[in-house]
Visitor: 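If you scroll down you'll find the structure; I have some questions about it.
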Amino acid sequence: MRASSKKDKTKERLGWLDFGKVLGILVVLLVHAECSLGPVTYYGGMFYMPVFFVAAGYTYHVRREEPIGGYVKKKAARLLVPYFSTSLFLWFFFWVKDSAVAGRPLDLKPLSLFGILYSRNQMYTSLYTDKNPVLLNILNAPLWFLTAMFLVCIWYEFISRSRRKYLLLVIGAALSVLWHYCTGFLLPWSLEAVPFFACYFAAGEALREQKREGLLGELWFLGLLLAVFLISSKLNGVMNLSNGTYGHSMLLALASGTSGSLLVFAAGMCMERKCPPVMKAISLAGRQTLWVLCFHMFLFMFIRTGAGMLHLGRGLTQAALVLFSFLLLTGAGLAVGRLQQMMSIRMYFKNGRNEV
């Protein structure tokens, strides 16, 4: 009974994690739709990627009895299969499009294929060179996050099985900082940044392990978080984790990303108490953020075409990009999930009859 109650309690708490992911993906859509909303997009840019790492860290549990190979396979199925399937779908779409429209069937887009394997939008930070070829150039730029998250999970699983977990975490983060400031070269699959991203991951795990969720409802702690977030964000400047832009300081980037994520989770907890029906819908959407991440830029292309045909202004076009891509892709994710559930049930009963 106790185990069951604990499990139910964990499920209830996932609502505010889903709220954080939904808010994060909405900021992603605003940024990619080129919306300039002042403080909304500026301060949202501080946490919209870190919040996913912090949320993943909160749900992480090391299982030492499980072979690490099994863990790698599960994460590959969750993150790498969507990455490569989406990337290859986009590559194939634009190859067919260029073959039919531009008459270039022999152009296999080698730079795009290299970008899929490299999984970075560019090879250097903007601080070191202006001659950066765009590698993720088939509307797959947001997908860098999937390979980065995959390696963060694997790295964190590895160090969590060591007695020197936090020492390895600090050493890894220090190496990330040294690489960033000494080279400016972006390694494939965000290799140079993975140990740094793992610090966001560790913050989420610490929140759960130390059972500090209650602090997110304390006014003094929220005030402290807000002060840290506003000050570090203002001092640090614009961040873009995808291309190694951390603002003026990676330490400030860590402070603003972590504090901003916790503030978002606190807002989600408040919503759970005040507006349970709204949070139920948000939780459903929070489980489909992978669909939105993978396909929103592809859908943007069609929405922009439709907006142009209707002669919509810039503001209405941007609103349509954010609203329709979020709703359509969330709906698509829910529909596919329901279909998979129905197929699983049908297979279950079919196998049951065969056994009888």
Visitor: Does the gap between the ring centers of Y43 and F47 come in under 6.0 Å?
Guide: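 No; F47 has its ring centre 6.0 Å or more from that of Y43.
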Visitor: Can you find a pair of side-chain heavy atoms, one from Y58 and one from L17, that are under 4.5 Å apart?
Guide: yes
Visitor: Do L30 and Y48 have side chains that approach each other closer than 4.5 Å (heavy atoms only, starting at C-beta)?
Guide: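 In short, these two side chains do not touch, never coming nearer than 4.5 Å.
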Visitor: Would you call R161-E66 a salt bridge at under 4.0 Å N-O?
Guide: no
Visitor: Distance from L139 atom CG to H296 atom NE2, nearest 0.5 Å?
Guide: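 Separation between the atoms: 9.5 Å.
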Visitor: In terms of hydrophobic clusters joined by side-chain contacts under 4.5 Å, are L329 and L284 together?
Guide: no
Visitor: Taking side chain as C-beta onward, heavy atoms only, is V228 less than 4.5 Å from T258?
Guide: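 Counting from C-beta outward, V228 and T258 never come under 4.5 Å.
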Visitor: Taking C-beta and beyond as the side chain, do Y200 and V51 meet within less than 4.5 Å on heavy atoms?
Guide: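 No, their side chains stay 4.5 Å or more apart.
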Visitor: Step by step, work out the side-chain hydrogen bond (donor to acceptor under 3.5 Å, both in side chains) result for S112 and N137.
Guide: CA-CA 6 Å; S112 300; N137 56 7; 2.5 Å; yes
Visitor: For the CG atom of L251 and the CZ atom of F196, what is their distance to the nearest 0.5 Å?
Guide: 8.0 Å
Visitor: Can you check whether F298 reaches F89 side chain to side chain, under 4.5 Å on heavy atoms?
Guide: yes
Visitor: Taking only Lys NZ, Arg NE, NH1 and NH2, and the carboxylate oxygens of Asp or Glu, determine whether E157 and R63 approach each other closer than 4.0 Å.
Guide: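 No salt bridge links E157 with R63.
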Visitor: From L328 CG over to L323 CG, what is the distance, rounded to the nearest 0.5 angstrom?
Guide: 8.5 Å
Visitor: Answer yes if F158 and L187 sit in the same cluster of Ile, Leu, Val, Met, Phe, Trp and Tyr residues linked by side chain heavy atoms under 4.5 Å apart, and no otherwise.
Guide: yes
Visitor: Does any non-hydrogen side-chain atom of M123 lie less than 4.5 Å from one of L186?
Guide: no
Visitor: Any chance the rings of Y60 and Y156 have centres within less than 6.0 Å?
Guide: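 Between Y156 and Y60, which both carry aromatic rings, the centre distance is below 6.0 Å.
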Visitor: Could you measure the distance from the CD atom of E34 to the NE2 atom of H32? Nearest 0.5 Å is fine.
Guide: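 Answer rounded to 0.5 Å: 10.0 Å.
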Visitor: Among L26, L327, I25, V28, whose side-chain contact (heavy atoms from CB on, under 4.5 Å) with V292 holds?
Guide: I25
Visitor: Would a distance-only check, ignoring hydrogens and angles, find a side-chain to backbone donor-acceptor pair under 3.5 Å from Q122 to Y124?
Guide: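 The answer is yes, because a donor-acceptor pair under 3.5 Å joins these two groups.
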Visitor: Kindly indicate whether the side chain of F197, heavy atoms from C-beta on, has any atom under 4.5 Å from the side chain of S176.
Guide: no
Visitor: Taking side chain as C-beta onward, heavy atoms only, is T125 less than 4.5 Å from H180?
Guide: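 Side chain of T125 against side chain of H180, heavy atoms only: contact under 4.5 Å found.
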Visitor: Can you measure from CD1 (I68) to OG (S160) and round to the nearest 0.5 angstrom?
Guide: 9.5 Å
Visitor: Do NZ/NE/NH1/NH2 and the carboxylate oxygens of R120 and E192 come within less than 4.0 Å?
Guide: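 Here R120 pairs with E192 in a salt bridge, since their nearest N and O are under 4.0 Å apart.
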